[in-house]
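Indexing begins at 1, ligand by ligand and atom by atom, following the structure's order.
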Amino acid sequence: MLVINNGTVVTMDDARSVHFGGHVVIDGTRITAVGPGSWSSPSAAAAAEVIDATGMIVMPGLIDLHYHTAVGKGLCDHLALWESLEEFWYPSIRALDADSAYWAAAASYLESVKNGVTTVNDMYRRLPDLARAAADIGIRAVLSNDVALPEHNLDTLQDNKDAFDAVHGLGGGRIQVHVGIEWLPLASPELLRDARALADELGTGIHVHLNESLTEVENSKERFGRRPTEVAYDAGLLGPDCVAAHCVWLSDTEIALMRETGTHISHNPSSNAKLGNGIARVPEMLSAGINVGLGHDAAESSNNCDLFEVMKFASLIHRAARVDASLQQAPDVLTMATRNGAAALGHETGYLAPGRKADVILVDTRNVMFTPLAPGNADQIYSHLVFAANGSAVDTTIVDGQVLMRGRTVLTMDEALVLREANRALTRVTDAIGWGR
Ligand SMILES: [Zn+2]
């Protein structure tokens with residue numbers, strides 16, 4: 001039993017309850033109590049590990065809804081999406097060996113854990129190696145393959161099925177495998193139909209890049225005579241088990257198709273901005289009733305795995321573009337990064353309540369990021385989390401009741417070893433593809 005006392009508990013529950021000087025109690029993998037005041041029980045006290053959260057915010061772990069393990073970053077930061085894919089990303093993920101995949105995933109998940117991310121929705125290759133890294137560090141990971149048509153020499157649906165058979169449900173259920181589709185320019189309506197059939201056969205979800213750039217929209221109209229979401233809809237790919245990433249250039253019709261099918265959208269504003277892809281129509285998505293979560297996309301496009309930074313982008317970019325400071329207020333943005341992500345993946349996480357899975361983080365307020373801070377002001381807590389903080393304020397990360405990081409020290413992996421091996425993995429991959437020669 002793990003007892004967290006004396007914290008500012010930001011539950012993100014239906015009432016958005018905040019308990020100052022509150023408690024969260026974890027038994028095994030689940031939360032058993034949340035509320036104001038300190039928790040104590042004479043009978044259980046002896047067996048409990050107690051964390052004193054004085055000066056800390058206790059809140060649900062962040063959910064990174066669109067994610068790729070990264071083997072490199074900072075290598076082609078001036079290129080547009082398609083060029084960066086062709087120049088580095090596809091060659092690098094074709095050259096991955098088992099060790100490179102493992103250490104790239106370990107370094108990516110390590111960075112996420114240090115930034116308070118407890119769940120990643122990771123589309124990449126060599127899923128069994130990613131699953132080993134996820135199991136070793138203890139993060140919750142939904143993995144999917146980069147499935148494309150065979151001529152692109154990435155993954156096939158059979159690869160994705162094999163990965164499902166090999167690792168789905170490992171780590172006490174923390175590791176899941178969904179069906180991934182890289183994106184429409186490397187796919188066909190038939191491949192999308194087959195992906196839907198495989199997901200239904202396996203009883204699992206789907207992860208797809210959709211409508212990320214104007215060139216993708218043009219490519220889709222040219223090859224299929226329709227916009228990307230219309231192609232996905234006609235192929236039956238969309239649905240309440242499907243996370244569509246980006247969705248930057250949705251038409252009104254495409255928004256209606258997303259709504260009709262109950263498809264979840266991962267909004268990835270920093271990636272979209274950096275790659276010059278534009279700004280998604282998030283206000284229209286939300287007023288249509290679509291569930292929208294947040295993702296960093298990949299370190300190749302966002303250069304870090306800090307979802308606090310993504311939250312700030314997810315507010316400011318829309319205010320700037322619409323000349324409207326009322327958009328994307330802090331509690332709503334935090335909801336996107338927690339509850340909405342959990343809902344998109346069908347997970348029992350995303351808010352703190354008895355019975356929910358114990359994915360919990362502690363954010364330290366005893367630093368300049370959170371200063372000044374008036375006592376007992378919940379609105380200011382939300383604002384500081386979204387607008388003032390970055391991931392370095394995260395002190396403790398707990399997944400499934402297991403403490404992965406405490407006092408910013410990761411307990412489940414040797415951080416120095418991960419950094420060293422991740423650098424070696426990049427060198428192996430760049431040597432293999434002749435990068436920089
Ligand atoms: Zn992506």
Exercise for review: Just say parallel, tilted or perpendicular for the rings of His207 and His66, cut-offs at 30° and 60°.
Suggested key: perpendicular
Practice item. Answer yes or no for Asp297: is there an N/O/S atom below the 2.8 Å cut-off from the Zn ion (ligand 1)? Key: yes
Check your understanding: More than 12 foreign heavy atoms under 6.0 Å from OH of Tyr90: is that the case here?
Key -> yes
Review point. If you measure from CG on Asp297 to OG on Ser266, what distance do you get to the nearest 0.5 Å?
Key: 8.0 Å
**Study point:** Lys312 bridged to Glu309 by N-O distance under 4.0 Å
**Key:** no
Check your understanding: Under 2.8 Å from the Zn ion (ligand 1), is there an N/O/S atom belonging to His68?
Key -> yes
Point to revise | Shortest-distance N, O or S atom of His209 relative to the Zn ion (ligand 1) | key: NE2
